[in-house]
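Data block below; observations after.
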Amino acid sequence: MIERIREQLEKGERIDRQQAEWLWNNASDKELSSLSKIVRARFHKADEATYLLMRIINYTNVCVAKCDYCSFYRLPGDKDGYVRDKEYVFSKIDELVNVGGNFFGFNGGFNPKLRIDYYLDLFSSIRKRYGDKIEFYALTVVEFLYIARLCKLSNKEALAMFKEAGVNWITGGGAEILADSFRLRHSPLKYTVKEYMDTQADILDAGLKTTGTMVIGFDETLEERLDHLETVRDFQDARLQAGKEGLFSFLCWTYKPYNNELGGKEISSQEYLRHLALSRIYLDNIKFLRTSVLTQNQAALEGLNYGANDFDIPWEDEVTQLAGAVIEKDVDRILGYAQEAGFKTKLRPVNICQPLGQVK
Ligand code: SF4
């Protein structure tokens, strides 16, 4: 079977779900790494990788979604709940710009007190102050959907307002595992797979960019992981076959089990790397596969040998830090890990928005 799959990949063909399941259960780490490199080479030079120096800015920790795997949220009225103002956000941006960073992600919660005006004011002020020198993920898909519904706006209406405020990206965060069985168990208020995917389509149709994401290591089954990969691949196929913009990238990271209701144990880096390779092999229609330094530290750079071609060097993310992530801020050391893994690295330009097929 392994040779048949290798031949398929070398001919530019894709594997089906049964073959993905077979690979997960039977292929060695070395075999997965080697197969992932065949698909990676369709898009990227074998010894090159790109990165961003970025920070997540957590603008509020108040959230009513109550996902059981979350270590970050506070309920409305909790003493340690917060909402950040513009001056706070600017100081976070300035700090990273001063050390060479240029990319920011805004991530908070489903805060019923914050209406769309808060976000529009924040994002338009950032654009006014920094122009195109920096780029940012305005929100995650699920935060965006919450705000639109809270304010009784259609996705289309809300997206037009965000665009007008200078927003170019809404990240695919909030996907975790795209299987309704998983979402019902752990995050029933965080929208169904259909609601999530329809919103991603709306974001792209509005002319904004978005990304694919996945988080593994909760209690999800192999079936649920494969459901996720299949949903993402089918979505991208439908977009590209219709001649429309698709997902820019796919990033998988791992669940951290500390300080939350769900608890559990962390999966091994080996399991993460195997999943990264499987994602690269299966998601043959997404050009950028990103490895998670935030949750895997040094092992993430070994992910470049398991199909990934891009990574973030994170400066801060309260959500994952509260759940147990440890951030290393020594950029040279992280880039050194990539070199040890056999890769030349270069900083990715902030305004990289090229569709599939144009980035090299
Ligand atoms: S994971 Fe996000 S949506 Fe879920 S409770 Fe935490 S902040 Fe809220």
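Ligands are counted one by one from 1 in listed order, and the atoms in each one are counted from 1 as well.
If you look at H228 and F182, their ring centroids are not closer than 6.0 Å. Ring-centre distance between W253 and Y272: not below the 6.0 Å cut-off.
Distances from atom 8 (Fe) of ligand 1 show that C63 has an N/O/S atom below 2.8 Å. Within the coordination shell of atom 6 (Fe) of ligand 1, defined by N, O or S atoms under 2.8 Å, C70 is present.
If you number the atoms of ligand 1 from 1 as listed, the ones under 4.0 Å from a heavy atom of A65 come out as 3 (S), 8 (Fe). Heavy-atom contacts of K66 reach the following atoms of ligand 1: 5 (S) (cutoff under 4.0 Å). Interface of G108 with ligand 1, defined as ligand atoms under 4.0 Å from a residue heavy atom, comprises 7 (S).
Ligand 1 lies nowhere less than 4.0 angstrom from a heavy atom belonging to S71.
At least one donor-acceptor pair under 3.5 Å links the side chain of E224 to the backbone N or O of T221.
For atom 4 (Fe) of ligand 1, the nearest protein heavy atom (residue, atom name, distance) is C67 SG, 2.3 Å.
Counting all heavy atoms, side chain and backbone alike, E245 lies closest to L204 at O-CD1, 3.6 Å.
Between atom CG of residue L283 and atom CD of residue Q236 there is a gap of 8.5 Å, rounded to the nearest 0.5 Å.
Looking at K190 against ligand 1, only its side chain comes within 4.0 Å, counting heavy atoms.
In this structure, R274 fails the cation-pi test against Y306, since its NZ or CZ atom is not both closer than 6.0 Å to the six-membered ring centre and inside 45 degrees of the ring normal.
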